[in-house]
2 protein chains.
Amino acid sequence: MGVTKTEIFTTDQNRLADLAKAFAHPARVAILQILTTRKTCVCGDLVEELSLAQATVSQHLKELKRIGIIQGEIDPPRVCYCINPEVWAEAQTAFGDLWKAFSPATCCP
Amino acid sequence: MGVTKTEIFTTDQNRLADLAKAFAHPARVAILQILTTRKTCVCGDLVEELSLAQATVSQHLKELKRIGIIQGEIDPPRVCYCINPEVWAEAQTAFGDLWKAFSPATCCP
DNA sequence: TCGATTCATCGCAATATTGCAATGTATTTT
DNA sequence: AAAATACATTGCAATATTGCGATGAATCGA
């Protein structure tokens, strides 16, 4: 029904799914890539770099903020976005645990 | 409009977004976790482990197959699923590149 | 105070996703 | 051949996502 049955999964599974959502759209991938490579924190020039309307970019930023992987500092009239190091590390660890769990030898022949 | 403008992003960005989709739903996370930890390849007992209808599990498996991260071997009347090591490694590398690109020092104060 | 600037939010339309019952397709067993 | 088993697919309903124009909120400069 378009509604995920979150209650039948563990907290960790739901959290990892949420973290993955941060990367599950090319616009958000692009935003995160820009934020990782900029020395200074970019703000709304994200709108210029991406060929998307300002409202659309703002919505992706909102979703990334909900997940917690980015944070915005208000520097009127601008808002400076940057990656949240704690959550970034959390994602790194969560995915790292998955990578570790698999070794090709256990796969079917 | 619910339709992603894939054409304005790079192939790599679209691919990473697709790989992330494999992990962007707790049911798929659970499936992948089961596949990584099982010594032998599990088949449809995924349906029993997850509290989801068989049709729903089948659809998640279909999506994972579309992305390429799992593969199914037909062993009538069963189908044996396992992780595709190449795509698993691809995902590992793609995310690894992202992790590398960020160092906390570049973030806003 | 009046614009101008920057961003968030609202409201809408189009499409995608999630979930399941029912049904279809192979294959094996009896 | 008939029944059983294991999955896939179809069709539907409910909800989520994507995208954008328009509008709102906050702040700064003239």
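All heavy atoms count here, side chains included; hydrogens, waters and symmetry mates do not.
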(request) Return the set of residues passing ring-ring contact (aromatic ring centres under 6.0 Å, His included) with B:Phe95 (not counting sequence neighbours), or none when no residue passes. (result)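 Once residues adjacent in sequence are excluded, the partners of B:Phe95 under the ring-ring contact (aromatic ring centres under 6.0 Å, His included) criterion are A:Phe23, A:Phe95, B:Trp99.
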Would you please confirm or rule out a distance under 4.0 Å between OP1 or OP2 of [N] and any side-chain N or O of [X]?
X: A:Ser58; N: C:dA8; value: yes
X: B:Tyr81; N: D:dA8; value: yes
X: B:Lys21; N: C:dT17; value: yes

Whole-Å distance separating the [atom1] atom of [X] from the [atom2] atom of [N]:
X: B:Lys65; N: D:dT9; atom1: NZ; atom2: P; result: 6 Å
X: B:Leu64; N: C:dT17; atom1: CG; atom2: P; result: 13 Å
X: B:Glu48; N: D:dT5; atom1: CD; atom2: C1'; result: 13 Å
X: B:Glu63; N: D:dT17; atom1: CD; atom2: P; result: 15 Å
X: B:Glu73; N: D:dA6; atom1: CD; atom2: C1'; result: 17 Å
X: A:Leu50; N: C:dC7; atom1: CG; atom2: P; result: 13 Å

(message) According to side chain to side chain contact (heavy atoms under 4.5 Å, CB included), who are the partners of B:Lys65, at least two apart in sequence or on a separate chain?
(response)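 For B:Lys65 the side chain to side chain contact (heavy atoms under 4.5 Å, CB included) partners, ignoring immediate neighbours, are B:Ile70, B:Tyr81.
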(request) List for me each residue that meets side chain to side chain contact (heavy atoms under 4.5 Å, CB included) alongside A:Lys5, sequence neighbours excluded, and say none if there are none. (result)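 Per chain and number, A:Lys5 pairs via side chain to side chain contact (heavy atoms under 4.5 Å, CB included) with A:Glu7, A:Ile8, B:Leu52.
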(request) Answer yes or no: is there a donor N or O on one side and an acceptor on the other, between the side chain of B:Asn14 and the main chain of B:Thr6, under 3.5 Å? (result)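 Yes; judged by distance alone, with no hydrogens or angles, the pair exists.
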(request) Quick one: which residue pairs count as a salt bridge (charged side-chain N to carboxylate O under 4.0 Å, His left out) with a foot in residues 79-104 of chain A, not counting sequence neighbours? (result)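 Applying salt bridge (charged side-chain N to carboxylate O under 4.0 Å, His left out) to every pair that reaches into residues 79-104 of chain A, excluding sequence neighbours, yields A:Arg15-A:Glu90, A:Asp97-A:Lys100.
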(message) Both A:Lys62 and A:Arg78 contact DNA chain C. Which one's nearest nucleotide lies toward the 5' end?
(response)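 Counting from the 5' end, the first nearest nucleotide belongs to A:Arg78.
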(request) Using the side-chain hydrogen bond (donor to acceptor under 3.5 Å, both in side chains) rule, collect all pairs that involve residues 16-31 of chain A, keeping only residues at least two apart or in two chains. (result)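 Passing the test, one end in residues 16-31 of chain A: A:Asp18-A:Arg66, A:His25-B:Thr4, A:Arg28-A:His60.
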(request) Summarise how protein sits on nucleotides 19-30 of chain D as a single string, 5' to 3': B when a protein heavy atom is under 4.0 Å from the base, S for sugar-phosphate-only contact, - for no contact. (result) BBBB----S---
